[in-house]
Amino acid sequence: MNYLPEDRNFDLYQLACKVTARRFFPNFLNLDASYNQDSEWRADDPKRYIHEVATMGCRTRVFENRFGPKTSIGRGNLSFSTINIVKLALECREEQDQQKRIDMFFAKLDHMLELTAKQLDDRFQFQKTAFAKQFPLLMKSLWIGADKLGPNDTIESVINQGTLGIGFIGLAECLVALTGKHHGESEESQALGLKIVGYMRQRINDFCEQYHHNYSVLATPAEGLSGKFTKKDRKQFGVIPGVTDRDYYTNSNHVPVYYKCSARHKAEVEAPYHEMTRGGHIFYVEIDGDATHNPQVIMSVVDMMDQLDMGYGSVNHNRNRCMDCGYENADDHLEKCPKCGSTNIDKLQRITGYLVGTTDRWNSGKLAELNDRVTHIDHGQQDLFG
């Protein structure tokens, strides 16, 4: 409704890019992605929003539904659990033959997927015993079917419209453990990465039939687990270059934040995973300089997302604000305001889905990731997106 110059709300899209260039948000949800389209969506329907995908939190995708209408309205994610696929790969490292090592990994992954699906079902079996009267707001007007419940009815039929996410962390480190390279630097590793996440998608479809729930694959944002898993694995397996030598595991299927490449290359590697991770995903680009005066670069990222059939994404950059006089700039090393001399500087940054002016409350894993980030600029390639 607003992406093309001839669209009637194109001016709102331009304004959104301008605001993102200054304040990181809004993010961009691509309703034109092949898996975000619904057959019942019509441009002339004033209630077309019913048939549109939406996000919950920083990335959770709400749309798929085996037990009712495909919609984001009146639904959400009930629970999710994340699998440490890096550890599964590390447990196979002693096998010298690479194909046998990979086969061993898939056997371990299959077992862990079974265990996770059962754990989520056990949790659901407890959740469903609650009565509608325990959630007067949720079960009165918010969830699909809630209006049909009496006060003493259980909420099972209503919450089963929601989703149960099975997430994963550290695909990059997992691939290094299995093949020696991550998916951003090796086509062979990329093929294996797609096979791994594709297998998760296949098994999760099986669990939907087995347990009669809306299971989904989630590209976990890894706020706390990124450092927690790494510490445990380093203690057990030692320091392994490219795997446990940093204080965090890479966010889901992302290319490592420290890997120098163009935005285009990063997008081409990560794009195919969006269709597979229908429980939620996001794509980030790191840019340098002052984006405030260049909203066109934001539009370029959105264009790239559309070309590559990505579902959701945004742009990270630097933004500093003097809390005394309001002066702003994008200087990565700003310590004193050049206008009033104040050192009371708010440095706006994004950690997973959160905008923060201070990093005091974040764990060591996410801080290490923040410090390792490189911008996706020209590193011997033609341009920012080439």
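Side chains included, hydrogens not; waters and symmetry mates left out as well; all remaining heavy atoms used.
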### Query
With a distance cut-off below 6.0 Å to the six-membered ring centre and an angular limit of 45° from the axis, does R246 pair with Y258 as a cation-pi contact?
yes
What I want to check is whether the side chains of N77 and T60 have a donor and an acceptor closer together than 3.5 Å.
no
In short, side-chain hydrogen bond (donor to acceptor under 3.5 Å, both in side chains) pairs touching residues 203-213 with sequence neighbours left out are R66-E209, D110-R203, E114-R203, D121-H213, N160-H213, R203-D206
Applying side-chain hydrogen bond (donor to acceptor under 3.5 Å, both in side chains) to T179 and S189, what does each step give before you reach the verdict?
CA-CA 7 Å; T179 70; S189 294; 2.8 Å; yes
Residues N152 and F131: closest non-hydrogen pair is O-CD2, 3.2 Å
_Does either side chain, that of T163 or that of S216, offer a donor lying less than 3.5 Å from an acceptor on the other one?_
no
Report, as yes or no, whether the 6.0 Å neighbourhood of atom CZ on R234 holds more than 12 heavy atoms from other residues, nucleotides or ligands.
-> yes
Salt-bridge criterion met for K133 and D153 (N-O under 4.0 Å):
no
- Query: Are any of the side-chain heavy atoms of Y249 and V86 separated by less than 4.5 Å?
  - Reply: yes
Worksheet entry | E52 and W41: CA distance, side-chain angles, deciding distance, side-chain hydrogen bond (donor to acceptor under 3.5 Å, both in side chains) verdict | CA-CA 8 Å; E52 293 176 352; W41 193 95; 2.9 Å; yes
| field | In one Ile/Leu/Val/Met/Phe/Trp/Tyr side-chain cluster, 4.5 Å: F207, F124 | value | yes
Got a salt bridge between R42 and D44, using NZ or NE/NH1/NH2 to carboxylate O under 4.0 Å? yes
### Query
Given side chains that start at C-beta, do those of I144 and I73 come closer than 4.5 Å, heavy atoms only?
no
Problem - Donor-acceptor side-chain pairing of Y312 and N30 below 3.5 angstrom - result: no
So, do Y13 and Y3 have ring centers that fall under 6.0 Å from each other? yes
query = Which of parallel (below 30°), tilted (30 to 60°) and perpendicular (above 60°) describes H265 and Y259?
reply = tilted
### E275 with R201: basic N within carboxylate O range, under 4.0 Å
yes
Salt-bridge test for R101 and E95: reply yes if a basic N is under 4.0 Å from a carboxylate O, no otherwise. no
TODO: Flag the pair K118 / D122 as yes when at least one side-chain heavy-atom distance between them is below 4.5 Å, and no otherwise.
DONE: yes
- Message: Side chains of C337 and C325, heavy atoms from C-beta outward: is any pair under 4.5 Å?
- Response: yes
| said: With a 4.0 Å cut-off on N to O distance, would you call K266 and E286 a salt bridge? | reply: no
Margin query: I'd like to check T250 versus V257 (side-chain heavy atoms, cut-off strictly below 4.5 Å). Are they in contact?
Written below: no
Smallest heavy-atom separation, K128 atom then T154 atom, equals O-CB, 3.4 Å
